[in-house]
Peer 1: 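Below are the structure tokens for one structure; questions will follow.
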There are 2 protein chains.
Amino acid sequence: MIELTQRDQIVLEAIITDYIETGEPVGSRTISKRSVMNVSPATIRNVMADLEEMGLLHQPHTSAGRIPTVKGLRLYLDSIMRSRQLGGTEKERIRGALQNRPQDIAELLRGTSLLLSQFCRQAGVVLWPRQSIASFKHIEFLRLGPNDIMVILISKAGLVHQTHIESKEEIVQAELDKYSLYINELLRNVPFSRVKQRIREEMEGEKALFDRLFSRALQLANRAIQYAIEDSSIYIEGKTNLLDNPEFAHVEQMRRILQAFEDKSKMIRLLDEALKASTGIQIVLGTEGELLREWQEMSLVSAPFRRGDTPLGVLGVIGPLRMDYSRIIPIVEFTAQFLSQMLEIADEA
Amino acid sequence: MIELTQRDQIVLEAIITDYIETGEPVGSRTISKRSVMNVSPATIRNVMADLEEMGLLHQPHTSAGRIPTVKGLRLYLDSIMRSRQLGGTEKERIRGALQNRPQDIAELLRGTSLLLSQFCRQAGVVLWPRQSIASFKHIEFLRLGPNDIMVILISKAGLVHQTHIESKEEIVQAELDKYSLYINELLRNVPFSRVKQRIREEMEGEKALFDRLFSRALQLANRAIQYAIEDSSIYIEGKTNLLDNPEFAHVEQMRRILQAFEDKSKMIRLLDEALKASTGIQIVLGTEGELLREWQEMSLVSAPFRRGDTPLGVLGVIGPLRMDYSRIIPIVEFTAQFLSQMLEIADEA
DNA sequence: TTTAGCACTCTTTTGGGATGAGTGCTACCA
DNA sequence: TGGTAGCACTCATCCCAAAAGAGTGCTAAA
């Protein structure tokens with residue numbers, strides 16, 4: 001849709017690179033000196049004027065340099081994403097950091113989030129929608145009160161989920177124990193994606209139709225698993241890194257941004273979109289809509305991690321629009337790949 | 001140790017009240033107008049000079065008003081703590097907010113922390129050292145890998161704790177099931193404070209001496225419970241409220257403070273001190289030592305919640321030295337009392 | 001002992017001038 | 001015709017000095 005000559009592209013890229021580095025508006029002199037092609041500032045100025053007309057650059061005031069607009073950034077990112085590469089040493093560091101993590105999946109995910117935040121010096125996020133708990137391992141019903149049942153659900157990968165369920169009728173622990181036995185037998189190793197179907201089948205089977213006990217057990221299990229599926233967990237680490245970005249020097253902005261983090265459900269929705277939308281790396285820039293209103297000046301780089309072809313969750317980095325994408329994109333991408341591997345191993349065992 | 005005339009006291013209190021409200025140094029004119037006793041600014045100035053000499057007030061620069069020192073604040077707090085009272089409506093609001101919380105203890109504690117932060121417009125904290133999980137309810141051993149066992153431990157109050165344990169020898173699930181049965185029978189309803197002793201006794205009993213299975217089970221349970229006891233959980237909510245305080249307008253300070261929150265273990269130690277030290281409400285002011293170095297300008301108001309006479313945990317509010325103590329102290333105190341009641345009920349059932 | 005008065009101190013605010021970065025435009029060159 | 005040098009012009013920012021304002025300490029008087 002937008003026609004750029006090669007020179008336009010070079011200038012745009014030079015401006016963005018410089019802007020990302022310094023955070024200041026970039027002037028024509030700077031580009032002229034720095035760029036490979038030897039042209040005078042005046043020439044650059046002409047190009048800049050063109051780019052501004054196309055809506056790719058913006059001038060804060062008459063006598064300032066240019067900064068890229070979101071549209072300009074987007075164009076740049078589309079081109080950078082082709083040539084992403086991560087150095088071997090950096091790959092090693094990521095591998096090392098993740099491999100020594102404990103077996104506990106929750107810890108692994110939190111660790112990944114922390115890792116991203118430290119490597120990118122921004123906030124790291126990992127979303128794990130529970131639908132993806134892979135395979136069923138164990139369920140346990142415990143009586144807390146006359147009508148109050150606690151259900152503990154554990155996936156093969158070792159992720160624990162707990163729910164409370166209110167029961168209309170009073171119930172004794174002995175009966176709950178029978179439920180546990182029955183359901184554990186029924187669902188052993190069934191992938192979570194097929195659990196609900198399996199329960200439905202069983203409910204229509206003979207046992208459940210004629211035996212009240214089985215039918216109750218199935219109902220309870222169904223409810224508990226429903227809760228577990230709906231519940232996602234999200235790990236956000238390194239928020240304080242954001243304070244280092246000079247663009248958030250004002251306490252006002254800072255508060256707005258940090259507050260947005262506190263609303264977990266919003267964050268989950270946000271990342272869930274990213275998960276659904278993408279098969280590979282994805283970047284959402286502030287004003288491009290999907291993000292919250294409080295985040296106009298923020299940006300999210302995300303990538304799904306998966307098992308085979310089914311996505312399990314999504315991880316990424318949140319920071320200001322002005323981030324070092326050329327570094328962050330490959331980091332996010334590699335981390336997603338590597339985490340996928342780790343999870344595969346954990347679930348195999 | 002410090003001799004204050006009644007007038008000294010009134011002036012000190014007036015200055016502190018005003019300072020807490022405005023955050024600005026307070027001048028003699030302001031006090032003269034505001035205070036009950038009718039004296040001229042000049043008189044006040046004399047008193048102020050005295051108070052300053054005693055180290056209770058401080059003058060940022062020659063031509064500024066006075067602000068209280070930590071020492072002055074402390075004196076004021078000691079006197080205010082006697083006359084704390086909370087309005088009936090406020091009590092009702094706290095009751096209402098907590099009573100509708102879900103049965104889930106973890107949620108209850110997080111909710112309490114949130115409540116404190118919202119009511120006081122500062123950060124709220126709740127520390128729950130696991131030693132206090134009250135009574136044993138259920139344990140479950142699950143085989144994740146050949147040498148990898150997951151242990152789920154549940155208290156009567158419904159708090160779930162999970163640990164991974166590595167086993168030297170390979171183990172099968174069937175054996176673990178036997179362990180679960182045995183330990184559950186053994187420890188049913190035993191208060192956590194006595195669990196370790198109970199295990200020790202059993203270890204020396206006949207069963208364990210002659211049967212390898214029992215002895216293994218006891219060992220594993222012992223380790224798992226050890227982990228559970230050492231692990232404490234802490235809930236910190238409403239950190240962004242701190243951003244509203246004008247004293248933290250500078251990003252530098254803000255980062256320092258928010259970063260201190262990220263180190264959970266430090267926070268746990270801090271609150272643990274508060275738990276051990278006190279039987280009632282307790283206030284730690286920045287420079288008084290216990291607090292972290294990063295927190296010189298902060299203050300913690302805390303109170304333990306308990307069951308009968310044994311303290312279960314501690315809750316409180318963290319904010320700047322300049323807080324509305326006259327409101328926060330009774331809130332913290334009442335919340336602690338009320339939470340104690342709630343927990344008693346939860347553990348009874 | 002209290003108070004009124006006053007000189008004094010120090011911070012904060014205000015405004016104008018200098019500075020400098022960067023632009024747009026025009027005229028000129030290859 | 002595309003590129004370049006030159007130049008006038010525009011703003012934000014820095015700096016400094018003057019003014020304003022808040023509050024004190026001290027002295028002398030009631």
Side-chain angles (χ1 to χ4, degrees), chain A residues 3-12 14-19 21-69 72 246-247 249-250, chain B residues 3-12 14-19 21-69 72 246-247 249-250:
Chain A
E3 289 290 324
L4 286 190
T5 68
Q6 198 182 355
R7 188 159 73 189
D8 288 349
Q9 278 189 37
I10 295 176
V11 171
L12 178 61
I15 289 176
I16 291 180
T17 314
D18 199 271
Y19 173 70
E21 209 175 297
T22 66
E24 308 270 286
V26 190
S28 53
R29 258 180 83 80
T30 322
I31 300 301
S32 155
K33 265 189 256 166
R34 183 191 249 274
S35 177
V36 226
M37 40 175 218
N38 275 336
V39 274
S40 79
T43 313
I44 303 283
R45 282 204 286 279
N46 288 330
V47 179
M48 279 167 140
D50 293 350
L51 290 172
E52 185 164 9
E53 210 168 341
M54 288 187 253
L56 304 176
L57 294 182
H58 168 71
Q59 208 173 10
H61 58 89
T62 340
S63 72
R66 304 310 211 279
I67 58 177
T69 61
E247 32 265 273
H250 292 291
Chain B
E3 290 291 321
L4 286 189
T5 68
Q6 200 183 352
R7 186 158 75 191
D8 288 349
Q9 280 188 34
I10 295 177
V11 171
L12 178 61
I15 290 176
I16 291 180
T17 315
D18 199 272
Y19 173 69
E21 208 176 297
T22 66
E24 307 271 286
V26 190
S28 53
R29 260 180 81 77
T30 322
I31 301 299
S32 155
K33 265 188 257 166
R34 182 191 248 273
S35 178
V36 225
M37 40 174 218
N38 274 335
V39 273
S40 78
T43 315
I44 303 284
R45 281 204 287 280
N46 288 331
V47 178
M48 280 166 139
D50 293 350
L51 290 172
E52 184 163 9
E53 210 169 339
M54 287 187 255
L56 303 176
L57 293 181
H58 169 71
Q59 207 172 9
H61 58 87
T62 339
S63 72
R66 306 305 212 281
I67 57 177
T69 61
E247 33 263 274
H250 292 292

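Every value quoted in this text rests on a predicted model; they were computed, and no experiment measured them. Reckoned from all heavy atoms, side chains included, excluding hydrogens, waters and symmetry mates. Below, chains carry the letters A, B, ... as their sequence lines are ordered, and counting in each starts from 1.
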Peer 1: Provide the full list of salt bridge (charged side-chain N to carboxylate O under 4.0 Å, His left out) pairs with a residue in residues 24-48 of chain B, sequence neighbours left out, each pair given once.
Peer 2: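 The answer is B/D18-B/R34, B/E21-B/R34.
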Peer 1: Can you tabulate the close N/O pairs, meaning under 3.5 Å, that link protein atoms to atoms of nucleotides 2-5 of chain C?
Peer 2:
| from | atom 1 | to | atom 2 | distance (Å) |
| --- | --- | --- | --- | --- |
| C/dT2 | OP1 | B/R7 | NH1 | 2.9 |
| C/dT2 | OP2 | B/R7 | NH2 | 3.0 |
| C/dT3 | OP2 | B/S40 | N | 3.1 |
| C/dT3 | OP2 | B/T43 | OG1 | 2.4 |
| C/dG5 | O6 | B/R45 | NH2 | 3.3 |

Peer 1: Could I get the full list of side-chain hydrogen bond (donor to acceptor under 3.5 Å, both in side chains) partners for A/T43, not counting sequence neighbours?
Peer 2: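 Once residues adjacent in sequence are excluded, the partners of A/T43 under the side-chain hydrogen bond (donor to acceptor under 3.5 Å, both in side chains) criterion are A/S40.
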Peer 1: Over how many whole Å does the gap from A/E53 atom CD to C/dT23 atom P extend?
Peer 2: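 Distance check: A/E53 CD to C/dT23 P gives 16 Å.
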Peer 1: Let's see if you get this right: which residues in residues 23-30 of chain B place a heavy atom under 4.0 Å from DNA chain D?
Peer 2: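 Those residues are B/G27, B/S28.
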Peer 1: Atom pairs, N/O to N/O, protein against nucleotides 13-22 of chain D, distance under 3.5 Å?
Peer 2:
none

Peer 1: Using every non-hydrogen atom in the two residues, find where A/V26 and A/Y19 come nearest and quote the distance to one decimal.
Peer 2: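 Nearest heavy atoms, A/V26 then A/Y19: CG2-N, 3.8 Å.
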Peer 1: If I take atom NE2 in residue B/H61 and atom C1' in nucleotide D/dT24, what distance separates them, rounded to the nearest angstrom?
Peer 2: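 In whole Å, D/dT24 C1' lies 11 Å from B/H61 NE2.
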Peer 1: Give the rounded distance in Å between these two atoms: CD1 of A/I67 and C1' of C/dT23.
Peer 2: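 Interatomic distance, CD1 of A/I67 to C1' of C/dT23: 16 Å.
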Peer 1: Using atom CE of A/M48 as one end and atom C1' of C/dT23 as the other, report the distance to the nearest whole Å.
Peer 2: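 In whole Å, C/dT23 C1' lies 10 Å from A/M48 CE.
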Peer 1: Are B/L56 and B/D8 packed together at the side-chain level, in the sense that at least one heavy-atom pair is separated by less than 4.5 angstrom?
Peer 2: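 No; the side chains remain at least 4.5 Å from each other.
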Peer 1: Is B/R66 near enough to D/dG23 that one of its side-chain N or O atoms lies under 4.0 angstrom from OP1 or OP2?
Peer 2: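 No, no such contact exists.
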Peer 1: Please report, rounded to the nearest Å, how far the C1' atom of D/dG25 is from the CG atom of B/L57.
Peer 2: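 Interatomic distance, CG of B/L57 to C1' of D/dG25: 16 Å.
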Peer 1: Taking only residues at least two apart or on different chains, which pairs with a member in residues 48-68 of chain B satisfy salt bridge (charged side-chain N to carboxylate O under 4.0 Å, His left out)?
Peer 2: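 Non-adjacent pairs meeting salt bridge (charged side-chain N to carboxylate O under 4.0 Å, His left out): B/E52-B/R66.
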Peer 1: Looking only at non-hydrogen atoms, find the nearest pair between A/L51 and A/V11 and report the distance.
Peer 2: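 Shortest heavy-atom separation between A/L51 and A/V11 comes out as CD1-CG1, 4.1 Å.
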Peer 1: Under the rule for side-chain hydrogen bond (donor to acceptor under 3.5 Å, both in side chains), what residues qualify as partners of A/T22, not counting sequence neighbours?
Peer 2: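 Here no residue qualifies.
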Peer 1: What is the minimum heavy-atom distance between B/P68 and B/I16, and which atoms define it?
Peer 2: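 Where B/P68 meets B/I16 most closely, the heavy atoms are CB-CG1, 3.7 Å.
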Peer 1: Using a cut-off of less than 4.0 Å, is there contact between a side-chain N or O of A/T62 and OP1 or OP2 of D/dT10?
Peer 2: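 It does not, given that no N or O in the side chain of A/T62 lies less than 4.0 Å from OP1 or OP2 of D/dT10.
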Peer 1: Quick one: side-chain contact (heavy atoms from CB on, under 4.5 Å) partners of B/S32, sequence neighbours excluded?
Peer 2: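 Scan of B/S32 (side-chain contact (heavy atoms from CB on, under 4.5 Å), adjacent residues dropped) gives B/P41, B/I44.
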Peer 1: What's the CD1-P distance between A/I44 and C/dA21, to the nearest Å?
Peer 2: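 Roughly 18 Å, once rounded to whole Å.
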Peer 1: Distance-only criterion, 3.5 Å: show the donor-acceptor pairs between side-chain atoms of residues 58-65 of chain A and protein atoms not counting sequence neighbours.
Peer 2:
| from | atom 1 | to | atom 2 | distance (Å) |
| --- | --- | --- | --- | --- |
| A/Q59 | NE2 | A/T62 | O | 3.0 |
| A/Q59 | NE2 | A/A64 | O | 3.2 |
| A/H61 | ND1 | A/S63 | N | 3.4 |

Peer 1: Please state how far atom CG in A/D50 lies from atom P in C/dG24, giving the value in whole angstrom units.
Peer 2: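 Answer to the nearest Å: 11 Å.
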Peer 1: Once side-chain hydrogen bond (donor to acceptor under 3.5 Å, both in side chains) is applied, do any residues pair with A/E247, and if so which ones, sequence neighbours excluded?
Peer 2: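 A/E247: side-chain hydrogen bond (donor to acceptor under 3.5 Å, both in side chains) contacts with A/R322.
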